[in-house]
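A short write-up of the structure that comes next.
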Amino acid sequence: MNDPSPAHPPETVIPIADPASGLRGVIVLHSTRLGPAAGGCRFWRYDSDAAMMADAVRLAEGMAYKNALAELPLGGGKSVIAMPAGPFNRDALMRAFGRAVEALGGDYLTAEDVGTSVADMTIVRGETRHVAGLDAAEGKPGGDPSPWTARGVFLAMQLAARRLGSDLAGLTVAVQGLGHVGAHLCRDLHEAGAKLVVADVDADRAEAAAREFGARIVQPGDIVAAEADIFAPCALGGVLDSRSVPLLRAKLVCGAANNVLAAPDDGDLLARRGVLYAPDYVVNAGGIINVAAEHLGWTAAEAARRVEDTPRRLAAVLDLADANALPPHRAADRLARQRIARAGRERKRA
Ligand code: NAI
């Protein structure tokens with residue numbers, strides 16, 4: 001988990017409930033200063049309401065920072081729905097959620113997240129137009145965001161490697177997780193001449209990467225410590241903590257997973273060990289750019305241009321980090337907060 005106490009409290013917290021369908025959850029608008037608070041809907045089992053609330057608040061803050069640094073005209077938010085204990089009608093529950101989103105009049109823009117799907121968002125669309133992540137129409141953005149996310153991560157990795165004085169060709173990248181994003185990333189890296197070490201709890205996926213890209217397979221428990229120049233976490237969050245950071249052999253961490261650092265202190269530890277960390281939400285914004293494009297009516301070409309711009313945005317964070325002797329994750333947070341605060345001031349003046 002990231003720091004559970006957000007440095008900045010959310011603008012609005014809206015509990016949502018519909019006893020008829022079993023809907024129980026919360027919508028958190030961390031910030032609407034830059035635009036509607038955009039962020040997906042998580043459908044998850046929580047031990048307590050407090051745990052559900054803490055998760056939503058933390059995720060909403062992360063979305064606000066990600067959207068601000070992606071230079072999107074969007075604030076940040078998140079919704080969380082608690083998995084009902086007993087049987088429930090998914091259609092009715094998603095419809096009730098859609099009505100809750102609609103009631104906010106466009107202040108919140110939802111999409112899929114862990115536990116929700118394109119099919120769920122299509123149901124939500126029946127109640128509100130403030131939803132993205134639907135099937136892509138011909139030539140339009142939308143649909144599976146993973147190729148976009150992978151492309152942004154690849155370009156960011158290229159930039160970060162150059163900062164360390166090397167091209168990706170000939171470097172070894174340890175990729176953890178070969179799902180939607182990891183598999184696309186492996187293809188790009190292979191084409192760029194990088195060598196791959198891979199791990200996935202699904203052995204078939206690892207074997208496919210070995211076949212297609214000549215990747216060396218290691219056990220999931222060994223990927224962090226694998227002999228590699230770059231570590232690309234593309235599975236779960238919280239993978240770098242005080243126990244795993246000392247095992248890392250790579251000099252650069254750049255991957256798609258959200259909340260790579262178990263806690264901000266772990267990013268400080270990386271910096272002290274001389275490992276360059278490309279902050280997760282700076283490099284993995286390709287997916288939200290695709291979602292934004294779908295909602296804002298941008299063309300696929302405009303969305304692609306913004307994804308291709310990921311290295312420039314990462315460079316701004318790394319420059320700020322260098323100029324202020326800050327670890328990159330703290331520089332990213334600072335830059336995001338500055339952008340959000342500036343938008344608030346500009347709005348007041350207008
Ligand atoms: P996915 O579910 O398609 O792939 C995850 C892969 O990791 C699966 O193949 C799974 O078997 C593997 N895995 C799970 N635990 C593992 C472990 N302990 N060791 C090795 N492999 C393990 O997910 P997807 O869409 O590829 O996303 C990957 C990460 O990137 C997630 O953390 C996600 O939140 C994040 N992300 C994804 C975006 C997208 O566009 N799909 C956008 C931004 C972030």
Side-chain angles (χ1 to χ4, degrees), residues 1-2 38-44 55 58-59 62-63 65-67 69-70 72 76 78 111-118 121 132-133 136 141-157 173-188 196-210 215-226 228 231-241 243-244 247 253-262 278-294 303 306-307 310:
M1 275 247 311
N2 258 347
C41 171
R42 185 161 290 195
F43 195 18
W44 201 243
D55 204 27
R58 174 182 70 92
L59 291 165
M63 286 310 302
Y65 294 0
K66 182 188 287 205
N67 296 341
L69 285 197
L72 296 170
K78 201 86 182 183
E112 58 263 50
D113 190 59
V114 177
T116 56
S117 63
V118 172
M121 292 307 123
D144 179 12
S146 309
W148 304 73
T149 303
R151 178 76 186 154
V153 170
F154 170 75
L155 294 169
M157 194 185 284
V173 185
V175 182
Q176 179 187 45
L178 305 163
H180 290 97
V181 180
H184 284 290
L185 180 62
C186 283
R187 173 157 295 111
D188 279 351
L196 295 169
V197 185
V198 298
D200 197 296
V201 287
D202 181 337
D204 289 347
R205 292 187 174 174
E207 276 154 28
R216 185 165 73 82
I217 301 173
V218 298
Q219 290 304 309
D222 295 334
I223 191 74
V224 172
F231 175 56
C234 298
L236 308 169
V239 65
L240 291 182
D241 60 18
R243 272 176 307 137
S244 58
L247 303 176
V253 174
C254 179
N258 283 314
N259 303 322
V260 167
L261 304 174
D280 46 10
Y281 65 80
V282 181
V283 306
N284 73 8
I288 189 71
I289 290 172
N290 184 43
V291 162
E294 177 188 342
R306 287 170 182 258
V307 174
T310 304

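Start at 1 and go down the list; that is how both ligands and their atoms are numbered.
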Would a 4.0 Å cut-off, counted as strictly less than, catch a protein heavy atom around atom 32 (O) of ligand 1?
-> yes

The atoms of ligand 1 lying under 4.0 Å from a heavy atom of Ala256, numbered in the order shown, are 30 (O), 35 (C), 36 (N), 44 (C)

Under 3.5 Å, N or O to N or O, is Gly182 touching ligand 1 that way?
-> no

Gly237 N/O under 3.5 Å from ligand 1 N/O = no

Number the atoms of ligand 1 from 1 as they appear, then name those within less than 4.0 Å of a heavy atom of Pro145, with their elements.
-> 40 (O)

Cys234 touching ligand 1 at heavy-atom level, < 4.0 angstrom = yes

Write out the residue and atom name of the closest protein heavy atom to atom 8 (C) of ligand 1, then the distance separating them to 0.1 Å.
-> Arg205 NH1, 3.2 Å

Got the closest protein heavy atom to atom 39 (C) of ligand 1, with its distance?
-> Thr149 OG1, 3.5 Å

For ligand 1, find out whether one of its N or O atoms is nearer than 3.5 Å to an N or O atom of Ser146.
-> yes

Starting from atom 29 (C) of ligand 1, locate the nearest protein heavy atom and write down its residue, its atom name and how far away it is, to 0.1 Å.
-> Ala235 O, 3.4 Å

Short N/O distance, under 3.5 Å, between Asn258 and ligand 1?
-> yes

Of all the atoms in ligand 1, which lie at a distance below 4.0 Å from a heavy atom belonging to Ala199?
-> 20 (C), 21 (N)

Looking only at heavy atoms, which two atoms of Pro147 and His184 are closest? And how far apart?
-> CG-NE2, 3.7 Å

Where's the contact between Val201 and ligand 1, heavy-atom distance under 4.0 Å: side chain, backbone, both or neither?
-> both

The atoms of ligand 1 lying under 4.0 Å from a heavy atom of Gly179, numbered in the order shown, are 3 (O), 4 (O), 6 (C), 9 (O), 26 (O)

Which atoms from ligand 1 have a heavy atom of Leu236 less than 4.0 Å away?
-> 15 (N)

Main-chain N/O of Ser244 paired with Asp241 side-chain donor or acceptor, under 3.5 Å | yes

Okay, side chain of Asn67, backbone of Met63: is any donor-acceptor separation there less than 3.5 Å?
-> yes

Quick check: does any side chain N or O of Asp280 sit under 3.5 Å from a backbone N or O of Asn259, one acting as donor and the other as acceptor?
-> yes

Answer yes or no: is there a donor N or O on one side and an acceptor on the other, between the side chain of Thr149 and the main chain of Gly287, under 3.5 Å?
-> yes

Mark up the atoms of ligand 1 that fall under 4.0 Å of a heavy atom belonging to Pro220, in ascending order.
-> 19 (N)

Indicate yes or no: does Asp55 engage Lys78 in a salt bridge with an N to O separation below 4.0 Å.
-> no

Looking only at heavy atoms, the pair that brings Asn284 and Ala256 closest together is ND2-O, 2.8 Å

Which of the atoms in ligand 1, numbered in the order shown and given with their element, are less than 4.0 Å from a heavy-atom of Ala257?
-> 29 (C), 30 (O), 32 (O), 35 (C)

